[in-house]
Enquirer: 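Below is the structure I would like to discuss, written out as structure tokens.
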Amino acid sequence: MSIPVNVLLVEDDAGDAEVVKRLLAKSTRASFQLEWVQSIDAAEETLQKNGCDVLLLDLGLPPAHDLEGLARLHKEDTRVPIVIVTDQNDETMALRALQEGAQDYLIKGNLTTDNLVRAIRHATERQNLVSRLAEARIILENRNKRLAKLYRTAHKFVDNVSHEFRTPLTVIKEYVSIIRDGIVGDVSDEQRQMLAIVEDRADDLNTMVDDMLDVSKLEAGMLGVYRKRCQAADIVAHVRPALERKASTKGIELEWNIEEGLPCVYCDAEKVGRVLINLSINAIKFCGQPGRVRVSGYRCPDATGVELSVTDNGPGISAENQEAIFRRFKQLSESVRSSTKGFGLGLSIAKELAEANLGEIRVDSRPGRGSTFSFTLPAADAPEIMRRYLHRIGQIRNGPERLSLVQADIDESTSERLSEDVDTFLSCLLRYNDLLLRGGPHRWLIVLPVPESEVASFHQRAKKSLAESNRNRLGEPLPTIHLECLGSWRVASRRQILARLRNILPSVETVYA
């Protein structure tokens, strides 16, 4: 014989209770053990003492009203399925009951043995499924917590190891330089060439360390971007010696084609230099024999900025692989020699850093005809910077819906040196997706991808950071920074935001001219 189903009937009408008892007794598909109570209080007491497999509940029983009894009993034991049995033939009430946790809603006048037993069976099966899903959710949550902990540990390990690499790498490069320059004795040409190879490989390791650190910071949302007015030619000139040394060591012909009079750009010069280094190292690795690499810089055709590119004469990349190469830890086995293998981070980091500087990166390549990797930088023009920023924010999956504009001012008597220090402070204060525009020597506009209700927390963070900075600062402290929220707009309201930008910073064209 099957195990009886324990049914708790909560019903204040003796006649209705007798009907339910008789209907269950007629069942040939299952046996039932029925316990009858007449109030919500009695039902709660029974659940606490004995529990049950399923609960049949009439509505409006004392001392509860409407669906109060359902809410109380469902809260008492969420594992027990509840079937409403009532004479209230009301679709709205039925829907509300299901939303409050009931598994079914039956009308007393329509009760039969079949539909009552079917409702009990389906209610218990659904409740069992809900319980299993809840248990599975708890297991998944615990596993996710463990994975998150392991993930944080792995990132911490990468950060620590990467930082520990710095000191020995610096020592290696310094001693190699001392020996190569003949400071401690004569060096033959062959020895000098070998030392150049050692220094080149140390540079490769240093680049890998930078890439690993940037990946860790990107994942943690902690990568800072210090964008300001820069000369593209200066960025190229800064990285040129290291790239020429690497190309010379590998016997690669490196050409430079930088257009004169390039407009000022708005970017983080150090990170743009990293992009150029990673693209150039990639080109040097995979160029042909004899190897030729060309670094170019020119105005964008639409005059909105500058485009930097790196061209090689390597084997090229097939169309289906051109998107894959920008993924982390991805290398194309068809073109990778054992001597060129790395972590597969270079192009991925280059893409993320280019986009962080409001630019776009692309590749133009065909098998057998080499490749050109290029990326853009915005001109130092506030409306153009804002247009690119809005486009970038709009491309973020599940990104912010609103932007808030905050104006930052300092006293007009503040010296130029202190104003520059405030500019640096504000840049370091901002997070990865924030934007800072300078509207004059004593005014800035901060763009935060948050609703206006969250701006107050930014004000508190700024105040706390300013106090900490001044405590640790040597010499004259930073001045008081007055912050004012100017409003919030939907990210899609680009015209309104750009119009507001010109009203807020009327002198912005002169600052970025």
Enquirer: Search all heavy atoms of A247 against all heavy atoms of L254 and return the closest pair with its distance.
Expert: CB-CB, 3.9 Å
Enquirer: When rounded to the nearest 0.5 angstrom, what distance separates CD in Q407 from CG in L445?
Expert: 7.5 Å
Enquirer: Drop me the distance from I497's CD1 to M386's CE, to the nearest 0.5 angstrom.
Expert: 7.0 Å
Enquirer: Taking atom OG of S296 and atom CD1 of I258, what is their separation to the nearest 0.5 Å?
Expert: 6.5 Å
Enquirer: Does a side-chain N-to-carboxylate-O contact under 4.0 Å join E355 and K351?
Expert: yes
Enquirer: When you measure from the side chain of N357 to the backbone N and O of G359, does any donor-acceptor pair fall under 3.5 Å?
Expert: no
Enquirer: Taking the side chain as everything from C-beta on, heavy atoms only, tell me whether Y226 gets closer than 4.5 Å to E270.
Expert: no
Enquirer: So C267 and I235, do their side chains get closer than 4.5 Å, heavy atoms only?
Expert: yes
Enquirer: Please determine if R362 and E307 form a salt bridge, counting it only when a charged side-chain N lies under 4.0 Å from a carboxylate O.
Expert: yes
Enquirer: Give the intermediate values and the outcome of side-chain contact (heavy atoms from CB on, under 4.5 Å) for residues T304 and R387.
Expert: CA-CA 11 Å; T304 59; R387 277 191 289 269; over 6 Å; no
Enquirer: Does R132 come within less than 4.0 Å of E135, counting only side-chain N to carboxylate O?
Expert: no
Enquirer: So how far is it from L437 CG to I385 CD1, rounded to the nearest 0.5 Å?
Expert: 5.5 Å
Enquirer: What distance do E416 atom CD and D423 atom CG have between them, rounded to the nearest 0.5 Å?
Expert: 11.5 Å
Enquirer: Between V450 and P400, is any pair of side-chain heavy atoms under 4.5 Å apart?
Expert: no
Enquirer: Just so I know, are the side chains of I410 and T480 near enough to count as touching, which here means a heavy-atom distance under 4.5 Å?
Expert: no
Enquirer: Grab the two heavy atoms, one from A354 and one from F375, that are nearest each other, plus how far apart they are.
Expert: CB-CB, 4.2 Å
Enquirer: Would you call F425 and S465 a side-chain contact if the rule is heavy atoms closer than 4.5 Å?
Expert: yes
Enquirer: When you measure from the side chain of D434 to the backbone of R431, do you find a donor-acceptor pair of N or O atoms at a distance under 3.5 Å?
Expert: yes
Enquirer: With no hydrogens and no angle check, just 3.5 Å: does a side-chain donor-acceptor pair link E255 and N257?
Expert: no
Enquirer: Give, for atom CD of Q322 and atom CZ of F373, the distance between the pair rounded to the nearest 0.5 Å.
Expert: 8.0 Å
Enquirer: Go through the steps for W444 and V422 under the test side-chain contact (heavy atoms from CB on, under 4.5 Å), then give the verdict.
Expert: CA-CA 10 Å; W444 292 261; V422 171; 3.6 Å; yes
Enquirer: Assess R392 against Y432: is NZ or CZ under 6.0 Å from the centre of the six-membered ring, and within 45 degrees of the ring's axis?
Expert: yes
Enquirer: Under a 4.5 Å cut-off applied to non-hydrogen side-chain atoms, are S419 and H442 in contact?
Expert: yes
Enquirer: Below 4.0 angstrom, N of the basic side chain to O of the carboxylate: do E100 and K75 qualify?
Expert: no
Enquirer: Would you name the heavy atoms of I481 and A408 that are closest together and state the gap between them?
Expert: CG2-CB, 4.0 Å
Enquirer: Can you name the nearest heavy-atom pair linking R274 to I349, along with the distance?
Expert: NH2-CG2, 3.7 Å
Enquirer: For residues R438 and E420, report the shortest heavy-atom separation together with the two atoms involved.
Expert: NH1-OE2, 2.9 Å
Enquirer: Contact between L347 and N278 at the side-chain level, heavy atoms closer than 4.5 Å - yes or no?
Expert: no
Enquirer: Could you check if a side-chain atom of E384 sits within less than 4.5 angstrom of a side-chain atom of L358, using non-hydrogen atoms only?
Expert: no
Enquirer: Looking at every heavy atom in both L243 and I284, which two are closest together, and how far apart are they?
Expert: O-CD1, 4.3 Å
